[in-house]
Every structure is written in C-alpha cells, then in structure tokens.
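First the structure, in the form of structure tokens, and then the observations on it.
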Amino acid sequence: MTVRDVVIIGSGPAGLTAALYNARADLDVLCVAGYEAGGQLMLTTDVENYPGFPKGIQGPELMQKFRDQAKRFGTEFIDRDCTGVDFSKRPFTIQVEDEEILTRSVIIASGASARWLELDEEEDYRGHGISTCATCDGAFFRDAEVLVVGGGDSAMEEALFLTKFADKVTIVHRRDEFRASQIMQDRALEHPKIDVLWNTEVIEYLGGPPLEGARMIEHPDGKPKQTIPRKHWGKADEHGGRVFDVETDGVFIAIGHDPNTAYLSGELELDGKGYLKVNNRTRTSVEGVFAAGDVHDKHYRQAVTAAGLGCMAAMDAEHWLSHQEG
Ligand code: NAP
C-alpha cells in the first residue's frame, strides 16, 4: 500500500499553502480537502486585505488559485471529509470514510466553523434570513432591519459592516456588558444606525422560513446567576424575565467559532476550547504531526496568517521528514 510523505487535512489558506510548499519540495502530498473544500473563504465575497490583489478578489476565486498552484506541483486531492486518524503507530493512518490512507507525516489544517444558536429549525432558516457571515450575506439586507447576536469583536465588526446596507442594526447581547475590545465597542455604540438590546437572547425564529421575526427573552439583569436557563425559557415570567417578539429581516449570529477537531478523537492534545495545542512552532503533541491555521490559532484568524502558518508547518514537516530513516 502506498505510504504518502505528507497528508494535509483541510483545504483553506493554511492547508493549500502547506500543500504548495511540500509538493514543490518534491514530496508525495495528498490533501484531504473535505466536502466543503476551500474553507471559510468560500463563504466570503470580496477579499480586500489579501496582499497582491490591489483591486480585491472574490473568496472562492482566491481559493481556486491557491488550489491550482498546489496542484501544479503535484498535490493530489480527495474532496471528502477525514473521519478519523490513528497516530499511535507509524506510518500514521488517516481514515476518509471507508478508505485508509497511510502517511509518514500529517499537517492538520482543518480550520474552524462558526457557532450557531442551536435553536429549533435553525438549519431550515440558514440562507433564508439567518447567517453567520455578514461579509457573505450583508448585501442581501439593503434597507432592511437586522439583528446581530453576540458581544465580542466579531459581533461589533458584523454590526458595523451591516450598517453599509441595513437601515437599522440591533445587537442582541445576553449580558449587560460587551466582551469586545473598547475601540470596537465604542465604534458600535456611537454608530447612529446601531442599537443594543442588553440581557437579551433570541430563543425562536418566527414566521418562515424565510424569517419574519424573532422571539426574545430578556433576563432580569446581566449577572450570570440571574440568566434564565434554556430549560426555563417557557416560564420566563416566573423567573423575573420577559418574552417578547420583534419583526426582523435577518439575524446574524456572531458568537464565536469552534475549531474542527472532533474527528481527531483524543489523538492530539487540545486546549480547553478544543483548539490544537502546538509547541515549538507548528508541532503538535505527536511527533510527525503538525498544525496550521485556525485549528490552533484563535487570535489572528486571517487568510494571510493562516497561509503563513501553512508555510511554516510545511517547512517543519519537510525538515522533520528529512531526519527520519526510510
Ligand atoms: P468571542 O470573543 O468568544 O465572543 C463571543 C460572544 O458571543 C460573547 O459576547 C458571548 O457572550 C456571546 N455568545 C457565546 N455563545 C452565545 C450563545 N449561545 N448565545 C448568545 N451569545 C453567545 O468571539 P469573537 O467575537 O468571534 O472573537 C474571537 C476572537 O477573535 C477574539 O479574540 C477577538 O478579539 C478576535 N477578533 C478580532 C477582531 C478584530 O480585532 N477586528 C474581529 C473579530 C474577532 P458572553 O460575553 O456572555 O460570553
């Protein structure tokens, strides 16, 4: 059975840059790209901050260019999801559904995915009034009234971006203070089109799909101990809260991201939030397994930083391979 030099799991900027570097170094590279190949940039429209494109570029087009460049030097692709790994012995085993792939080294670049509120029928409303990406979908909400859920930098950024299109943007935050950096809070709070509903959560989508409104719960105050737990939302008034409905054209959910590490099922060390732990540059807790991009970087989360980390992981993997026997 063929043993690859490097298997790269993920095909966003980190994975495809790693593929480019390793393939160009004449290694035998297979990229397990996933069913949603291309990563989060496939969900964006204009990318204006990727260097080298002074007029900007569409996210999917940029990812196609990354992929073409990696392919030009011999990277092979499988557009299916990695379903499991075995790093307990070498060569390592990568499971892609019922197919087993053997490899001498691995680069994990499986990225992160936006969190959803996990309310009833949420999936049915996706793309029909509910979104996790203002840059992708904001333009559909021209002259509209929208809600943005969350209190971190992402929520502020999404709300500010949406003011380009919408008439009114209401940030819905479950506590009475934001988590976002002061400068982002100030920008949002000072914007004439932005309002805030404090101590409030969306508990139900109404009227569709497509969405026509949202049911909300207002907690008695922002202190966590007085936040009404989900199982008591139906009896909010008994807990000092209030349930009310608002009409809205869209709800943008900006409550953070979760790293895509579930398929690793305990084979590598993760931090408390599920991100891969890396030590000494891009090395994970297993020798010969490296990591790049949003799967371990929860701070910068930019296409250009992910690409840089992909380059670093590829160089680290190549260096490590060159010191192995066989
Ligand atoms: P975050 O900082 O973790 O904030 C998530 C927000 O969503 C919090 O306010 C949280 O409420 C709320 N939330 C979480 N789960 C919720 C739920 N189920 N229902 C309602 N609300 C919920 O995530 P982020 O804003 O995506 O930022 C992630 C990192 O990227 C941060 O380090 C941030 O600084 C960085 N970032 C930077 C920029 C920038 O500088 N331009 C832009 C975007 C992101 P609580 O506050 O009550 O926990």
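Atoms within a ligand are numbered from 1 in the order they appear, just like the ligands themselves. These numbers come from a predicted model, not from an experiment.
Side-chain polar atoms of H173 and E201 form no donor-acceptor pair below 3.5 angstrom. Checked by atom type, the side-chain pair D153/S181 shows a donor-acceptor distance below 3.5 Å. Inspection of the D294 and Q40 side chains reveals an N or O donor paired with an N or O acceptor under 3.5 Å.
Between R80 and E99, at least one side-chain nitrogen of the basic residue sits less than 4.0 Å from a carboxylate oxygen of the acidic one, meeting the salt-bridge criterion. Taking 4.0 Å as the cut-off between side-chain N and carboxylate O, E76 and R4 count as a salt-bridged pair.
Backbone and side-chain nitrogen or oxygen atoms of R174 are examined, and one is located within less than 3.5 angstrom of a nitrogen or oxygen of ligand 1. Between R115 and ligand 1, no pair of N/O atoms sits closer than 3.5 Å.
In the vicinity of G151, heavy-atom distances shorter than 4.0 Å reach the ligand 1 atoms 6 (C), 7 (O), 8 (C), 9 (O). In the vicinity of R175, heavy-atom distances shorter than 4.0 Å reach the ligand 1 atoms 45 (P), 46 (O), 47 (O). Near I255, the atoms of ligand 1 lying under 4.0 angstrom from a non-hydrogen atom of the residue are 5 (C), 7 (O), 13 (N), 14 (C), 15 (N), 16 (C), 17 (C), 18 (N), 21 (N), 22 (C). Those atoms of ligand 1 that come under 4.0 Å of a heavy atom in D153, given as number and element, are 25 (O), 33 (C), 34 (O), 36 (N), 37 (C), 38 (C), 42 (C), 43 (C), 44 (C). Residue-ligand proximity, L117 to ligand 1, at heavy-atom distances under 4.0 Å covers atoms 19 (N). Listed by number with element, the atoms of ligand 1 under 4.0 Å from a non-hydrogen atom of G256 are 23 (O), 26 (O).
More than 12 heavy atoms of other residues, nucleotides or ligands lie within 6.0 Å of CE in M184, so this atom counts as buried by the packing criterion.
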Next on the checklist: Working note: L264 + I108, criterion side chain to side chain contact (heavy atoms under 4.5 Å, CB included); need CA distance, chi angles, decisive distance, verdict.
Outcome noted: CA-CA 10 Å; L264 296 169; I108 311 274; 3.8 Å; yes
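For H173, the heavy-atom gap to ligand 1 drops under 4.0 angstrom.
With hydrogens left out, the protein atom closest to atom 2 (O) of ligand 1 is R179 CD, 3.5 Å, a heavy atom. For atom 27 (O) of ligand 1, the closest non-hydrogen atom on the protein side is S154 OG, 3.7 Å. Looking only at protein heavy atoms, the nearest one to atom 39 (C) of ligand 1 is E157 OE2, 4.0 Å.
In this structure Y263 satisfies the side chain to side chain donor-acceptor pair (under 3.5 Å) test together with S110, sequence neighbours excluded.
Only the side chain of R301 comes within 4.0 Å of ligand 1, judged by heavy-atom distances.
The protein does not reach atom 31 (C) of ligand 1 closely, with no heavy atom under 4.0 angstrom from it.
Within the structure, salt bridge (charged side-chain N to carboxylate O under 4.0 Å, His left out) contacts touching residues 105-129 (residues at least two apart or in different chains) are R115-D258.
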